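None of these values were measured; they are calculated from a predicted model.
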Amino acid sequence: MHSLSELVLCHRTADFDALGAAVGLARLRPGTRIVLCGGAHPAVRNFLALYRDEFPLIERRSVTVEAIRRITVVDTQRREQLGPAQGWLDLPQVQVEVWDHHVSNDADIKTDNLRVEAVGATTTLMVEQCQQQHLPLSVADLTVMALGIHVDTGSLTYEGATVRDARALAWLMAQGANQRAIADYIEPGFSTELQDLLAEVLQKLQTVVVRGYRLGWVLVQTSYYVPGLSSLASQLTTLSESDAILLGHIYRTHGEGPPRLTVIARARADGIDVAQVLQPLGGGGHAHAAAVTLKTEDPRAALDQMVTSLRQSLPIPPTARDLMSSPVRTLRPEATINQARRILLRYGHSGLSVVNPSGDLVGIISRRDLDIALHHGFGHAPVKGYMKSPVKTIHPDTALPEIEALMVNYDIGRLPVVDGGQILGIVTRTDILRQIHQLKRPQAGQASITKTSIRSLLESTLPPPLKGLLKIAAQQAEARGWQLYLVGGAVRDLLLAQSQVHFREFDLVVDSGGTSDLQGAGGELARSIAEDFPEAQLQIYGEFQTAALIWHDESHLGPFSMDIATARSEFYPYPAANPEISVSSIRQDLYRRDFSINALAVRLTGHQNSPQQRGELLDFFGGVEDLEQKLIRVLHPNSFIEDPTRIFRAIRFASRLGFSLDEQTKIYLQTAIASGIYQQTEGNHHKAPALQSRLRNELKYIVQEVHWLRALALIQDLGAWCCIHPDLAMPPSSLRAIKMAARWLEALNPEPGDRRWPIILEVLLLQLPESARLKVAQKLQLPEGSQMRLGQFQALVQRCSDQLQGHPSPSRVVKTLRPYSPELIILGAVCVSVSVRAILWRYLQIWQHVQPMINGATLIEMGYRPGKKFRAMLDFILDATLDGQVSDPASAQQMVRQRFD
């Protein structure tokens with residue numbers, strides 16, 4: 001017996017990931033021995049037949065239990081997976097540690113140290129530790145760990161594979177892992193026995209399509225266990241084109257007792273979790289690969305029950321109703337090719353539905369069709385000569401897999417959604433790709449966002465009053481058959497939150513499925529919600545009836561506001577124009593937003609037949625990945641051209657969140673700046689004021705941020721100051737002046753609030769000639785006080801130069817500066833000499849607050865009658881007080897009598 005104090009345990013039927021992780025840990029902690037708790041996969045057994053002596057393995061029965069001091073469990077968090085060794089976990093002297101890559105809800109091992117990270121393989125965690133410690137590893141060590149990552153990530157093809165797995169695998173290969181051995185054990189050749197069995201299972205295979213997924217199952221029987229069935233199951237999944245397979249194998253051991261049933265499960269489709277199906281039976285594995293072995297008198301009934309469980313566990317795929325855009329842009333058969341092209345350009349569509357005067361669908365014309373017609377010079381021709389007809393259509397309840405199959409099989413880029421002869425919407429290839437991208441996006445790191453975690457965040461992060469508000473809003477939307485979404489900054493901040501967030505505003509978007517116009521859904525929903533919250537102020541804004549509910553400070557929600565708008569799309573007829581807006585879907589509404597991290601939405605409602613969609617995160621543009629990678633990424637190349645204020649918005653979010661600009665976004669931004677987009681708009685007297693007002697607001701928001709100095713530096717680095725004026729920049733001298741002005745302002749008022757941003761912009765503008773700075777201030781619609789200060793600035797500086805040189809008395813300083821506001825004096829301080837600046841500082845800090853030793857009431861008591869002489873007396877005493885000529889009221893009274901009696 002071995003009296004070893006440190007053990008690492010591999011779960012029953014150990015796979016390469018468990019073995020690789022155990023080997024890595026044993027190398028990190030010399031003296032640790034590895035225990036296989038109950039057999040191994042056939043490929044692992046074959047590998048160990050050659051390499052066993054290379055690793056510190058020990059038989060379970062050879063362990064001196066009393067000597068164990070620490071147990072580390074790898075690749076599982078469930079006790080039953082450790083077989084008889086699970087009892088060791090309860091020993092009073094044993095410290096228990098777990099390393100795993102499964103984020104599990106049914107873990108039952110009590111640990112002193114739990115290390116779970118959402119990577120593709122547990123081995124990856126060990127490789128990272130070995131790499132950090134520059135640990136020398138043998139070829140066998142490197143090879144078994146490489147096998148662990150390969151097998152558990154499907155050679156980096158499984159959904160759970162991450163960049164970390166790829167880096168770990170690359171490091172192992174660079175260190176000398178045996179590639180030939182890896183190839184042999186990942187893709188073992190089919191034996192003659194397996195080839196014969198493959199023919200049998202293909203013949204017996206049963207399949208069914210459920211919710212758009214093809215499921216297959218088969219049961220075969222042999223007189224003994226056949227190794228290599230996992231490879232057979234993988235091959236069967238591919239050959240049968242099934243989304244999931246259950247391969248059952250009946251055999252007996254030693255010819256006694258009930259037969260054994262081994263079921264190997266494989267899945268290819270995202271969202272199917274075969275491990276979850278087999279787990280209640282004691283099985284283990286991963287979403288796409290799992291297995292279980294059990295004794296049963298009725299193997300067929302057991303397999304049938306697993307098939308039933310698999311069918312019930314299938315995710316409900318999105319339907320055409322969920323995916324479609326609405327309303328549908330249509331045109332008549334007589335419309336010209338040129339007219340169709342203009343509509344596509346306006347709305348960004350890739351095709352249009354053609355309807356007859358009765359509204360019946362008669363054809364589809366795509367951008368490709370239009371391009372061909374235009375190429376041949378037929379822009380004047382009617383679309384009926386180029387449209388495709390008849391048209392394949394789908395029903396609102398058609399599932400995503402069926403829609404995808406139709407598009408692939410018939411090379412269709414768009415499918416109208418029709419019910420009762422009416423066109424309700426359209427599903428395009430882009431809609432499908434965005435949905436697939438969202439479903440298949442790998443979730444990196446522990447902060448991975450899932451539907452469950454979104455619901456958990458909403459529950460844990462929002463205070464009860466806000467949760468109640470969203471619930472009522474969702475109920476009102478559902479009652480009308482609408483979908484309601486929480487969008488934009490609230491979703492972003494929710495995902496970034498580490499604890500409860502104090503939200504001051506929510507943005508909600510109503511997707512009415514085209515059943516209302518822009519002036520309908522948002523306003524109607526807001527009015528309905530307001531009935532439940534009489535304390536809220538209801539406001540309806542503008543042409544498109546964007547609604548807002550506002551709770552003031554004294555209410556239980558206040559201060560808080562909730563904006564509600566109908567889902568819309570935007571078209572910019574020319575650069576920097578105000579967009580032309582039309583009702584649309586949530587997807588197009590998100591696409592019109594500025595950055596990926598702000599194009600996130602959480603569904604607050606669910607369909608009657610799909611209530612589980614409530615709480616779904618919509619992320620069609622990689623916003624979650626950008627949050628995790630701390631990137632600001634624009635949604636499309638012309639974003640900064642269409643709305644130049646996004647240049648400064650990108651900078652504001654980068655500085656606020658501590659993010660970086662995506663490299664391609666930086667290129668788009670600098671291209672827009674180089675195009676002179678702001679200068680181009682100045683000649684348009686109708687649009688320029690609105691654009692400049694939005695620019696002013698962005699600059700104001702930037703300076704009000706906590707990290708405003710970082711934002712100003714980023715504006716300088718990107719060369720964006722020229723958007724305000726071609727000659728404007730922020731050289732080091734201006735930066736020093738800005739910092740000084742901010743310090744002075746905060747010293748005078750610790751909470752400068754809205755007072756800081758105008759002063760900062762004024763300091764920047766001082767580098768321009770006087771006429772130019774006033775023109776820019778007017779163009780930006782800076783506050784009247786700012787424009788006045790910029791106009792008076794030169795006079796103040798000249799007066800300081802004339803009156804405050806040398807050692808002026810305090811009274812002279814006060815007479816000189818009294819006509820000017822403290823903000824103007826701060827502005828002047830950045831451009832005067834050091835000696836004059838010291839005088840200005842003493843004035844602001846001390847002298848402007850000095851009061852005369854006596855006041856008007858004292859003069860009356862002294863017998864003087866109020867009149868013109870009063871003002872002269874008070875000014876005389878103030879001067880004397882400032883200059884230290886009087887020290888108390890008595891001496892002040894004496895001086896007055898000497899001077900004025």
Side-chain angles (χ1 to χ4, degrees), residues 324-389 391 412-417 423-431 433-434 514 517-519 543-544 566-593 635-644 668 672 675 677 680-681 683-684 686-687 690-691:
M324 70 183 187
S325 296
S326 180
V328 181
R329 309 295 170 192
T330 62
L331 70 168
R332 297 289 174 82
E334 297 76 24
T336 67
I337 296 294
N338 281 330
Q339 289 172 331
R341 180 183 62 83
R342 284 194 291 271
I343 294 174
L344 289 188
L345 175 64
R346 179 185 183 89
Y347 294 107
H349 296 340
S350 58
L352 293 169
S353 299
V354 185
V355 298
N356 62 21
S358 301
D360 300 322
L361 182 68
V362 296
I364 289 280
I365 190 160
S366 68
R367 187 184 302 275
R368 183 167 52 185
D369 301 327
L370 296 177
D371 288 342
I372 292 173
L374 291 168
H375 174 73
H376 293 293
F378 291 107
H380 62 284
V383 297
K384 63 183 178 182
Y386 293 87
M387 70 184 187
K388 289 183 175 64
S389 183
V391 182
I412 299 173
R414 59 208 54 79
L415 287 166
V417 183
I423 304 178
L424 302 183
I426 193 161
V427 176
T428 68
R429 187 178 284 119
T430 300
D431 295 328
L433 290 175
R434 285 176 181 167
D517 58 22
L518 277 169
Q519 297 180 350
E543 177 184 358
F544 299 112
T566 308
R568 60 189 61 192
S569 61
E570 295 178 345
F571 173 71
Y572 290 82
Y574 53 86
N578 287 333
E580 297 175 3
I581 296 173
S582 59
V583 68
S584 188
S585 66
I586 184 63
R587 284 167 179 77
Q588 289 173 308
D589 190 277
L590 294 176
Y591 185 62
R592 74 181 176 86
R593 295 174 185 270
L635 294 188
H636 51 90
N638 292 319
S639 185
F640 296 117
I641 297 294
E642 292 177 343
D643 184 359
Y668 293 148
S675 72
I677 185 64
Q680 293 176 29
T681 63
N684 189 322
H686 297 291
K687 302 300 181 184
L691 178 67

Enter the distance from [X]:[atom1] to [Y]:[atom2] here, rounded to the nearest 0.5 Å.
X    : Y    : atom1 : atom2 : result
R342 : L331 : CZ    : CG    : 11.5 Å
R592 : E642 : CZ    : CD    : 12.5 Å
M387 : L370 : CE    : CG    : 12.5 Å
L635 : Y668 : CG    : OH    : 11.0 Å
R414 : K388 : CZ    : NZ    : 8.0 Å
T428 : R587 : OG1   : CZ    : 9.0 Å

Do you know the tightest heavy-atom contact between [X] and [Y]?
X    : Y    : answer
Y386 : I337 : CD1-CD1, 3.9 Å
R341 : L374 : CD-CD1, 3.3 Å
D589 : A567 : OD2-CA, 3.4 Å
S353 : P416 : OG-CG, 4.4 Å

Side chain to side chain donor-acceptor pair (under 3.5 Å) filter on S366, not counting sequence neighbours, yields D369

Using side-chain contact (heavy atoms from CB on, under 4.5 Å), reason through T336 and H380 one step at a time and then give a plain yes or no. CA-CA 5 Å; T336 67; H380 62 284; 5.5 Å; no

Any non-hydrogen side-chain atom of I364 less than 4.5 Å from a side-chain atom of L352? no

Sole candidate of T330, V354, N356, V391 that passes side chain to side chain contact (heavy atoms under 4.5 Å, CB included) when paired with L361: V391

